[in-house]
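Every heavy atom of this structure was used, including side-chain atoms; hydrogens, water molecules and symmetry mates were not.
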Amino acid sequence: MEKNERSTPIPGKEKEVDIINIKGIEDIGYVQPDSILLNSLAPEENTQCQHGLYFQDGERRVDYILTYHIKKPSSSRSNRQSSRFTDNAFTRSLRRGTARLGRPPPPQPRGVPEVASQDHSMDYHEDDKRYRREEFEGNLRDMGLELEKDEDTKTPGVGFVKIHAPWHVLCREAEFMKLKMPTKKVYEVKQCSGVGAKINTLVNKATEPLHPNVEENRAQNVKHLSYAFSREKQHLFDLSDRDSFFDSKTRASIVFEVLKRTKCTKAKYSMGITSLLGSGVYTAAYPLHDGDVDGENVEPNDRKLLYEEWASYSVFYKYQPIGLVRKYFGEKIGLYFAWLGLYTQMLIPASVVGVIVFLYGCATVDNNIPSMEICHPRNNITMCPLCDRACNYWKLKEACGTARASHLFDNPATVFFSIFMALWAAMFMEHWKRRQMRLNYEWDLTGFEEEEDHPRAEYELCVMQKSLKKEHKTQKPTEIAEEPTNKWKQTVQSAMAGLKLTEKEKLTCRDRLPAYMTNIVMMLLMIGVTFAIVFGVILYRISITAALHMSNNPTTRSNVRLMVKTTAAIINLVVILILDEVYGAVARWLTVLEVPKTDKSFEERLIFKTFILKFVNAFTPIIYIAFFRGRLVGRPGSYLYVFESYRMEECAHGGCLMELCIQLSITMLGKQLIQNNLFEIGIPKLKKLIRYIKSKRRSFQEEEREKKLQRYETDHFLEPFAGLTPEYMEMIIQFGFVTLFVASFPLAPLFALLNNIIEIRLDAKKFVAELRRPVAARAKDIGIWYNLLRGVAKVAVIINAFVISFTSDFIPRLVYQYMYSPDGSMHGFVNHTMSYFNVSDFQDGKEPMDPHHLGYQVEMCRYKDYREPPWSNTPYVVSKEFWAVLAARLAFVIVFQNVVMLMSDIVDWLIPDIPKDISLQIHKEKILMVELFMKEEQGKMQFIDSMTPCDGKERNNHAPIARSRSIPHTHSHTHANNF
């Protein structure tokens, strides 16, 4: 047996260790094992132990850490400060030892009775937590883990439990978890040949400076054949170095599996590690980082390499070391960064095409006939007022700037760009599926199937309560009336009965019906809040527009639209940022109410609710501007009013596309700059600073403390890992900005690309230096996020069709050019889209206060709409041109949607999900695995033949036994009996 397989030895006096025997209180029913409290060695004694990566013996590596709160001694306020640092392990053991032997404890200072009662209650709760910890740790030892405590650290008030998994535990759990490990068998990876090989060689040479300086990213011609680890097949694996066979990531995940299976059963309810963390028995649980990232004499480690080659802004132009990220953080986080890197890479061609479309608009703005007609100096068209009373008549040429700016985003090239982006989204999805399959092959995830998770602690608690309630109802009245003499026995019996019922019980839809109803009502309420805020911003724009038009400052009156648009967009942005945080908390609360059974179910439900609320929050103001603003207005003399005093706002003459572009750009850039970057940088640093200040107030000699902090103490001050949901969510919302309204903002892919270049390094630095190391989780895909991406891509086709058709002037221009233009050109298009209004038809009190503002009496004014003139038989009724344009718009929506979706399906069909070379390599691995076992079978048969007599009968009797033993076992309950 290896040295690190032995159980934890009881240290002797030469280690200067205090041994404290703590017995439970018998009337409660706890039977406590002996607990060993170990003091820290001096830093000079062992360099490895100083960094906190190993046990005190310097040989057993710390695989996991549990932290708990150490209760301060209760005393008078004057003595509290001094006793905080003098109450060492010896005095605590003396005080507890006297209580255990039956002698009265040392006298405590008298105080106020209420304070004494509170202290007694706190002592009881702290003792209860300690008893639970000791039971849990005893169960961990029974599972084979080795533990070591450290309470005399430089972090006051925090105790640490160091956990080490010996070799036999690692082998047992690796077999249970079906971990694929590399075998001794290696094979050559087939490389491309011919023209493909030459192209790959040229590409590799050209991109050599873009690759990070890590071993994992260098092309390898050979690959180890992987097989699910089995203790019966240990000879297949290279076990020459057992310390490095299971890396730190794998060891931590194995220990975490053991922690999830271990329960405390001596209480009323069974409690796992999640419940223990939630109830404060333990304050944190985390694996350790491999070492420091900077400083003098820092030993080389994967964390330092990631910090230099991945988390630094100086390497922003390089590819990510995805292999090293997966090796350190696990497959789930590795897949996220691989997806983010591919998404960022795919944004490059989209950004280039978007910039070209924008430059095309800039180059053709001077040749755009409609904007030239609006800006022409001889243009003498008088427009109707934009608001009641306060607004005056105005000249169409005043909208010259808006018309020219609208052409930058409303030109024929935007239609091409919308089609391109729809195909780009399909290409991105297919490219990711191929990339995902390649990573599955490289990371030995082929054939991996996610097993059902352990039930969540909250689910088990609810089932237990339901079971006990049902059991209580079925009890006879005489049994309930009896008062048993042993309360603990009754508690244990009821808990055991509840455990038996729990195996059959489960939460039904009827149990969850109140939670489901609460979810529906709250979701509708939150969406209603979003609509109400958008409506409030609409009223703000209406009222501010009227107020600014009444200003005496001519500069203010001339820039009313710009000021109102910008301030309203900023208000929308602030509201979106605030509601994002509120909706995230509401979604989590609603998901907790549902009590999902597994962590995967909890995560999927949380993601769905959060996505719905944040999507509605981010895009409701944009959807209003794109599809509703300017269409619910009415006409002069018969406007639509809100609350009988607020007249609905109109679009500028150039259309609402420019205002849509302003709202989209401010919202997108604001969310990326403030929420995604400043919040991610500032909040973790602020939390870390607060924790540091709190610890600084409670400790002495800070300079010495910083130098002597152990690794597990340093990681304790880092921010806990909260999952990948926030990271994915901000990228999915960004994907919506890039695809949904790209027809109105072709520069969106460029801004997304610039943001993601920073986002990758920002997230990398956060994971490496700001967060505790997460437990590695295996995953073969990105889960529900892929379905959300596909949904957004499908919706984007429909929305862009409506934006081009109804928001822009693309369809009206085509209809005029091919149906109404006398010479087939765009001359006269502006006059064709405007109707006449007789100012004598204004309602009383709605006409301008200064009708002579232009210097003459206005009799007719124009407004943008397709209506009959006042001198016709049906004045102000929609004209036939309106119906012709509407029919063309609807036809365009149908044709555009079906053509683009058909093209996307063709792209999906043409590109195979699995690359051909990967498919061949997977098939080759299966063949090699069969050959390996056949050779092993033949070797066993030859060995048995050489060991048995030549009698044919005996040989035949032994042959079936040999065959039965040669069958590979991957997962069997009999494995546990070997240990």
Across all chains, not counting sequence neighbours, the side-chain contact (heavy atoms from CB on, under 4.5 Å) partners of Val878 are Arg867, Phe882, Trp883
Under 3.5 Å, is there a donor-acceptor pair between the side chain of Thr833 and the main chain of Val830?
yes
Passes side-chain hydrogen bond (donor to acceptor under 3.5 Å, both in side chains), Asp823 versus Ser821? Steps please.
CA-CA 6 Å; Asp823 55 357; Ser821 176; 3.1 Å; yes
Looking only at heavy atoms, which two atoms of Pro370 and Arg813 are closest? And how far apart?
CG-CD, 4.4 Å
Lys880 and Tyr820: which non-hydrogen atoms are nearest, and at how many Å?
O-OH, 4.5 Å
Contacts of Arg862 meeting salt bridge (charged side-chain N to carboxylate O under 4.0 Å, His left out) (sequence neighbours excluded), chain-then-number -> none
Exercise: do Asp366 and Thr364 side chains pair donor with acceptor under 3.5 Å:
no
Verify, without hydrogens or angle tests, whether Glu650 (side chain) and Gly630 (backbone) share a donor-acceptor contact under 3.5 angstrom.
no
Is the shortest heavy-atom distance from the side chain of Tyr393 to the side chain of Asp850 under 4.5 Å?
no
The ring-ring contact (aromatic ring centres under 6.0 Å, His included) partners of Tyr360 (sequence neighbours excluded) come to none
Report yes or no: does Ser351 contribute a side-chain atom to a donor-acceptor pair with the main-chain N or O of Pro749 at less than 3.5 Å?
yes
Salt bridge or not between Glu847 and Arg389? Use side-chain N to carboxylate O under 4.0 Å.
yes
Below 4.0 angstrom, N of the basic side chain to O of the carboxylate: do Asp580 and Lys614 qualify?
no
Closest heavy-atom pair, Met427 versus Ile911, reported as atoms and distance to 0.1 Å, is SD-CD1, 3.7 Å
Are Ser835 and Tyr876 linked by a side-chain donor-acceptor pair shorter than 3.5 Å?
no
Would you call the rings of Phe842 and Phe837 parallel, tilted or perpendicular, taking 30° and 60° as the class edges?
perpendicular
Going by disulfide (SG to SG under 2.5 Å), name the residues that satisfy it together with Cys375, two or more places apart in sequence or in a different chain.
Cys400
Closest non-hydrogen atoms of Glu373 and Met826, given as atom of the first, atom of the second and distance, are OE2-O, 4.0 Å
Asn756 side-chain N/O to Leu340 backbone N/O, donor-acceptor pair under 3.5 Å:
no
Interatomic distance, CZ@Arg541 vs CG@Leu539, rounded to 0.5 Å, equals 10.0 Å
My understanding is that only residues two or more places apart in sequence, or in another chain, count here; which of them pass salt bridge (charged side-chain N to carboxylate O under 4.0 Å, His left out) with Asp905?
Lys794
Could you tell me which residues satisfy side-chain contact (heavy atoms from CB on, under 4.5 Å) with Ser805, sequence neighbours excluded, listed by chain and number?
Ile811, Arg889, Phe892, Val893
With sequence neighbours excluded, tell me which residues meet ring-ring contact (aromatic ring centres under 6.0 Å, His included) with Tyr728.
Tyr336, Trp339, Trp785
Between Phe619 and Phe615, is the gap from one ring center to the other below 6.0 Å?
yes
Test salt bridge (charged side-chain N to carboxylate O under 4.0 Å, His left out) applied to Arg435 - qualifying residues, sequence neighbours left out:
none
Under the ring-ring contact (aromatic ring centres under 6.0 Å, His included) test, which residues partner Phe417, sequence neighbours left out?
none
Are any side-chain N or O atoms of Thr610 and backbone N or O atoms of Ile607, one a donor and one an acceptor, separated by less than 3.5 Å?
no
Quick one, Ser418 and Ile804 - any side-chain contact, counting heavy atoms below 4.5 Å?
yes
Write down the atom of Met658, the atom of Ser406, and the distance for their closest heavy-atom approach.
CB-OG, 3.5 Å
Taking C-beta and beyond as the side chain, do Ile622 and Phe741 meet within less than 4.5 Å on heavy atoms?
yes
Apply the test side-chain hydrogen bond (donor to acceptor under 3.5 Å, both in side chains) to residues Tyr343 and Gln734: give CA-CA distance (whole Å), side-chain angles for both, the deciding distance (0.1 Å), then the verdict.
CA-CA 11 Å; Tyr343 171 50; Gln734 184 199 85; 2.8 Å; yes
Spacing of Trp424 atom CH2 and Thr739 atom OG1 [to the nearest 0.5 Å]
7.5 Å
What orientation do Tyr624 and Phe628 show, parallel under 30°, tilted 30 to 60°, or perpendicular over 60°?
parallel
Asn838 side chain to Met860 main-chain N or O, any donor-acceptor pair under 3.5 Å?
no
Can you say whether the rings of Phe802 and Phe627 are parallel (under 30°), tilted (30 to 60°) or perpendicular (over 60°)?
perpendicular
SB check Asp841 Arg635 (cutoff 4.0 Å)
no
The complete set of disulfide bond (SG atoms under 2.5 Å apart) pairs with one or both residues in residues 791-870, sequence neighbours excluded, reads Cys384-Cys861
Residues in ring-ring contact (aromatic ring centres under 6.0 Å, His included) contact with Tyr816, at least two apart in sequence or another chain:
Phe829, His832
Lys433 and Asp908, any side-chain heavy atoms less than 4.5 Å apart
yes
Using side-chain heavy atoms (C-beta onward) and a distance below 4.5 Å, is Met834 in contact with Met383?
yes
If a pair satisfies disulfide bond (SG atoms under 2.5 Å apart) and one of its residues is in residues 535-564, list it, with sequence neighbours excluded.
none
Using the six-membered ring of Tyr641, assess whether NZ or CZ of Lys846 lies under 6.0 Å from its centre and within 45 degrees of the ring axis.
yes
Using a 3.5 Å distance criterion without hydrogens, assess whether the side chain of Asn617 forms a donor-acceptor pair with backbone atoms of Leu613.
no
In Å and rounded to the nearest 0.5 Å, what is the CZ to CG distance from Phe409 to Asn411?
9.5 Å
Distance-only side-chain donor-acceptor flag, Gln663 / Asn572, under 3.5 Å:
yes
